[in-house]
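Note that the numbering runs from 1 along the sequence shown for the chain.
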Amino acid sequence: MKASIIATFFALFLTCTYATKEATKKNKKAKLYVPELDCDIKAGKIINPEFIAKCPPGCQDIKYRVYGTDIYASFSSVCSAAIHSGTIDNSGGKILVQKVAGQSGYRGSFSNGIRSLSLPRWRESFIVSEGKPKKGVTYPSTLEYSSSKSSPVKAESKKSAQDIKATRNTDISNASEKSPEQADALRKEYQTSPGPVPATQVTTTTLKPTTTLEPISTTPKPTTFPATTSTTTTITAAKPRSAVHRVRDIGPSSVHPVYSAVAAAASRQVQAAQGRGQNQASRGTSPYASIRNIPRANTGIQRQEPVAAFRKPAGSPVHLGFSSKEELNPKPLEPVSQGNPNCKVDLSFLIDGSWSIGKRRFQIQKQFLSDVAQALDVGVAGPLMGIVQYGDDPSTEFNLKTHTNSRDVKNAIEKIPQKGGRSNVGKALSFVNKNFFLDANGNRGGAPNVAIVLVDGWPTDKVEEASRLARESGINIFFVTIEGADENEKQNVIEPNFVDKAVCRTNGFYSINVPSWFNLRKVVQTLVKRVCDTDRLACSKTCLNSADIGIVIDGSSSVGTGNFRTVLQFVANISKEFEISDTDTRIGAVQYTYEQRLEFGFDKHSTKQDVLNAIKRINYWSGGTSTGAAINYASEQLFSKSKPNKRKIMILITDGRSYDDVRVPAMTAHQNGVIAYSVGIAWAAQDELESIATDPDKEHSFFVDEFDHLYRFVPRIIQNICTEFNSQPRN
């Protein structure tokens with residue numbers, strides 16, 4: 001017996017021990033869910049100041065840009081920065097990210113297979129470490145992104161307001177089951193509209209209106225309705241009464257005081273009539289029958305609707321009286337589009353508000369803008385849009401961050417008044433260049449900046465210089481001109497061919513002429529299609545208009561006369577793509593063997609045709625291959641004379657290994673701000689090409705096995721020049 005008891009207790013002990021272990025295992029298994037990131041997610045898009053996340057494999061790719069070393073600009077890819085820092089490798093893994101303050105400079109470096117870029121400054125930074133949680137710190141299981149930052153807050157606020165309204169209406173509805181004194185106390189406590197009175201009203205009492213009518217001696221007493229006390233009628237479902245409405249705004253009253261007093265008195269009886277309304281309705285009579293028979297003056301008003309006994313004072317937040325049907329049943333908010341992701345551009349519309357346009361055409365212009373906003377599909381993940389109106393002086397109507405969907409943009413456009421004044425387009429472009437595309441106004445950095453100028457006739461000031469400076473700041477300029485000057489008016493035009501002088505290219509892509517204001521709607525889709533063509537926009541910015549390009553050509557014996565002519569054709573094809581002038585891109589050329597020769601400098605030729613002719617006249621030299629000395633010579637003879645506001649780009653073409661060292665001259669050139677591209681043919685050494693090229697090497701060095709295949713690199717080099725410039729964030 002004793003042994004069996006001991007065995008029983010022992011069995012219970014083992015059972016409890018096992019159950020405890022299982023419970024402990026389950027608790028240990030309940031781990032925090034770690035959110036996953038894509039390789040292209042930038043730290044700046046994530047709102048959380050500190051979080052643990054998991055990176056996927058394959059983020060060690062040049063297309064995922066990183067800015068900085070150890071401390072990274074928030075414009076960087078999170079996962080690529082983690083690989084660069086050595087926290088994870090290309091197979092992915094968990095990381096801990098902490099946001100820190102912006103830095104005055106970020107140093108680029110090559111580490112763990114990733115080339116990070118330098119950046120002068122940025123507004124926010126982050127650091128990456130191993131994905132182990134800190135003791136006592138709770139990390140989010142889901143990340144909050146900036147594109148949906150406000151939605152959850154708004155939804156929660158709206159829900160809270162509805163809950164409060166529902167609670168208030170329920171409490172006041174229950175007041176019908178209390179004494180009149182209790183009911184009045186409850187209404188005073190809320191100090192707001194009690195909503196529709198349910199059919200369970202116990203008694204009806206005469207309520208005093210919030211305002212009193214002045215006694216009028218000439219006004220006979222209005223017919224009064226007897227106040228009645230009805231017994232309790234219990235109805236299970238209390239519904240709003242459809243017969244109670246707000247007073248319509250009928251404008252200034254011309255009704256005789258007699259009828260006004262009668263109508264007011266009748267209004268005060270509506271609540272008293274409600275308690276017996278349904279009972280009378282069932283017998284075929286209406287409590288409002290006598291109200292409909294009130295005599296009215298001949299004012300054109302056909303019907304005086306029943307009104308609430310209490311009206312909300314103008315501008316008062318306190319709602320005294322019955323709630324309208326719309327307040328009790330708010331319409332659900334329509335989902336707002338995040339925008340067209342295939343058209344992520346930052347747009348500034350410069351609209352003509354001068355007196356010459358007239359009010360009617362100004363309205364047509366606003367309708368055109370509304371149609372464009374709708375066609376663009378404005379949103380935080382797509383295009384953003386702001387408007388500047390110009391006349392004598394320009395001013396911003398709203399900027400990029402003011403409205404984030406097409407509906408709000410259209411509503412804002414409708415409210416724009418006309419400024420008046422003259423058509424000072426040049427002044428407006430200068431204003432946009434200096435003030436509009438700022439981070440504080442919603443500029444997103446990575447999105448192309450586009451200014452679309454609408455002009456009625458012609459500008460009253462010059463636009464060429466202002467347009468050039470705007471383009472050199474990275475702004476794509478489009479002109480939409482309507483009803484240009486006729487023959488008699490052309491003598492008044494200050495700057496003939498102002499459109500060709502203002503836009504990047506004169507090929508018609510950046511300018512649209514509309515013969516009549518009434519045809520403006522027809523160009524909506526055309527304009528939207530061009531604005532959203534971001535591939536072409538990349539080459540309408542300053543990459544084609546603000547560079548000094550030095551071509552360094554290998555003229556050694558191994559090249560040969562025939563191949564040398566092929567190289568010159570390659571140089572000409574690159575030069576053709578740029579806008580060449582004293583104020584735009586300038587071209588210079590150096591040929592080298594053991595020695596070096598300046599073929600022509602940046603200031604020698606100021607037109608594209610002159611440059612092309614000069615390239616044709618370059619004579620083949622023949623000799624050795626001293627590429628390092630050629631880089632030093634180009635730095636001294638070409639790029640030392642480059643203008644301060646120009647980008648310095650060197651394109652070096654060689655077919656063999658150098659007799660001297662290229663690394664030190666190339667490094668010196670890079671430190672002096674020269675962006676170097678290397679093009680190797682046949683026997684060129686890959687390691688030297690990479691040393692000459694600016695980091696990252698893959699984007700700046702090219703190799704081809706035959707001279708005849710050089711032409712293939714023209715579009716790639718041009719596109720890389722443009723893309724590199726456009727990818728730099730504007731702080």
Measure from the side-chain N and O atoms of [X] to the backbone N and O of [Y], and report whether any donor-acceptor pair falls under 3.5 Å.
{"X": "R444", "Y": "V345", "result": "yes"}
{"X": "S642", "Y": "K648", "result": "no"}
{"X": "H700", "Y": "T694", "result": "yes"}
{"X": "S658", "Y": "T627", "result": "yes"}
{"X": "R565", "Y": "Y620", "result": "no"}
{"X": "S91", "Y": "P57", "result": "no"}
{"X": "D461", "Y": "G426", "result": "yes"}
{"X": "S701", "Y": "K698", "result": "no"}
{"X": "N441", "Y": "F436", "result": "yes"}
{"X": "K608", "Y": "F578", "result": "yes"}

Which heavy atom in [X] sits nearest to a heavy atom in [Y], and how many Å separate them?
{"X": "A693", "Y": "H670", "answer": "O-CE1, 3.5 Å"}
{"X": "F437", "Y": "I475", "answer": "CD1-CD1, 3.8 Å"}
{"X": "S77", "Y": "C39", "answer": "OG-O, 2.5 Å"}
{"X": "Y677", "Y": "F702", "answer": "CD2-CE1, 3.9 Å"}
{"X": "G555", "Y": "Q591", "answer": "CA-OE1, 3.6 Å"}
{"X": "G379", "Y": "L384", "answer": "O-CD2, 3.5 Å"}

Would you say [X] and [Y] make side-chain contact, with heavy atoms under 4.5 Å?
{"X": "F498", "Y": "T481", "result": "yes"}
{"X": "V97", "Y": "I95", "result": "yes"}
{"X": "V425", "Y": "F479", "result": "yes"}
{"X": "M650", "Y": "I631", "result": "yes"}
{"X": "V590", "Y": "I553", "result": "no"}
{"X": "M667", "Y": "Q671", "result": "yes"}
{"X": "F478", "Y": "F509", "result": "yes"}
{"X": "I549", "Y": "I651", "result": "yes"}

Give, for atom [atom1] of [X] and atom [atom2] of [Y], the distance between the pair rounded to the nearest 0.5 Å.
{"X": "S116", "Y": "D695", "atom1": "OG", "atom2": "CG", "answer": "9.0 Å"}
{"X": "L469", "Y": "L429", "atom1": "CG", "atom2": "CG", "answer": "10.0 Å"}
{"X": "L612", "Y": "R617", "atom1": "CG", "atom2": "CZ", "answer": "10.5 Å"}
{"X": "T625", "Y": "D655", "atom1": "OG1", "atom2": "CG", "answer": "6.5 Å"}
{"X": "N342", "Y": "C532", "atom1": "CG", "atom2": "SG", "answer": "8.5 Å"}
{"X": "S558", "Y": "N563", "atom1": "OG", "atom2": "CG", "answer": "9.0 Å"}

Assess, by modelled atom type and distance only, whether the side chains of [X] and [Y] contain a donor and an acceptor separated by less than 3.5 Å.
{"X": "S111", "Y": "S109", "answer": "no"}
{"X": "D610", "Y": "T607", "answer": "yes"}
{"X": "E636", "Y": "N632", "answer": "no"}
{"X": "S556", "Y": "T593", "answer": "no"}
{"X": "S74", "Y": "W122", "answer": "yes"}
{"X": "D89", "Y": "N112", "answer": "no"}
{"X": "Y106", "Y": "T69", "answer": "no"}

Practice problem: Would you please test Y592 and L652 for side-chain contact (heavy atoms from CB on, under 4.5 Å) and show each step? | Solution: CA-CA 10 Å; Y592 74 94; L652 187 143; 4.2 Å; yes

Self-check item: Identified side chain to side chain contact (heavy atoms under 4.5 Å, CB included) counterpart of Y510 within the set I452, V503, D500
Solution: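 Exactly one option meets the side chain to side chain contact (heavy atoms under 4.5 Å, CB included) with Y510, and it is V503.
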
Practice problem: Kindly write out the residues that satisfy salt bridge (Lys or Arg N to Asp or Glu O under 4.0 Å) with E688, not counting sequence neighbours, or none if the list is empty. | Solution: R657

Quiz item: Can you tell me if the gamma sulfurs of C55 and C79 fall under 2.5 Å?
Solution: yes

Self-check item: Electrostatic pair E599-R597, nearest N-O below 4.0 angstrom
Solution: yes

Quiz item: Does R123 come within less than 4.0 Å of D439, counting only side-chain N to carboxylate O?
Solution: yes

Practice problem: For side-chain contact (heavy atoms from CB on, under 4.5 Å), just list the numbers for D346 and N443, CA-CA rounded to whole Å, side-chain angles, deciding distance to a tenth of an Å, and then say yes or no. | Solution: CA-CA 7 Å; D346 289 344; N443 183 50; 3.1 Å; yes

Quiz item: What orientation do H84 and Y72 show, parallel under 30°, tilted 30 to 60°, or perpendicular over 60°?
Solution: perpendicular

Quiz prompt | Stepwise side-chain contact (heavy atoms from CB on, under 4.5 Å) check, I649 with V674 | solution = CA-CA 6 Å; I649 298 174; V674 176; over 6 Å; no

Exercise. Could you check R586 against D548 for salt bridge (Lys or Arg N to Asp or Glu O under 4.0 Å), going step by step and ending with a plain yes or no?
Key: CA-CA 5 Å; R586 303 187 302 172; D548 281 345; 2.9 Å; yes

Quiz prompt | Ring centre gap for Y594 and Y659 strictly below 6.0 Å | solution = yes

Self-check item: Passing option when E699 is tested against R65, R716, K63 for salt bridge (charged side-chain N to carboxylate O under 4.0 Å, His left out)
Solution: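 With E699 as partner, R65, R716, K63 yield a single salt bridge (charged side-chain N to carboxylate O under 4.0 Å, His left out), made by R65.
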
Quiz item: Yes or no on side-chain contact (heavy atoms from CB on, under 4.5 Å) for F707 and F564, after CA distance, side-chain angles and deciding distance?
Solution: CA-CA 9 Å; F707 284 87; F564 188 78; over 6 Å; no

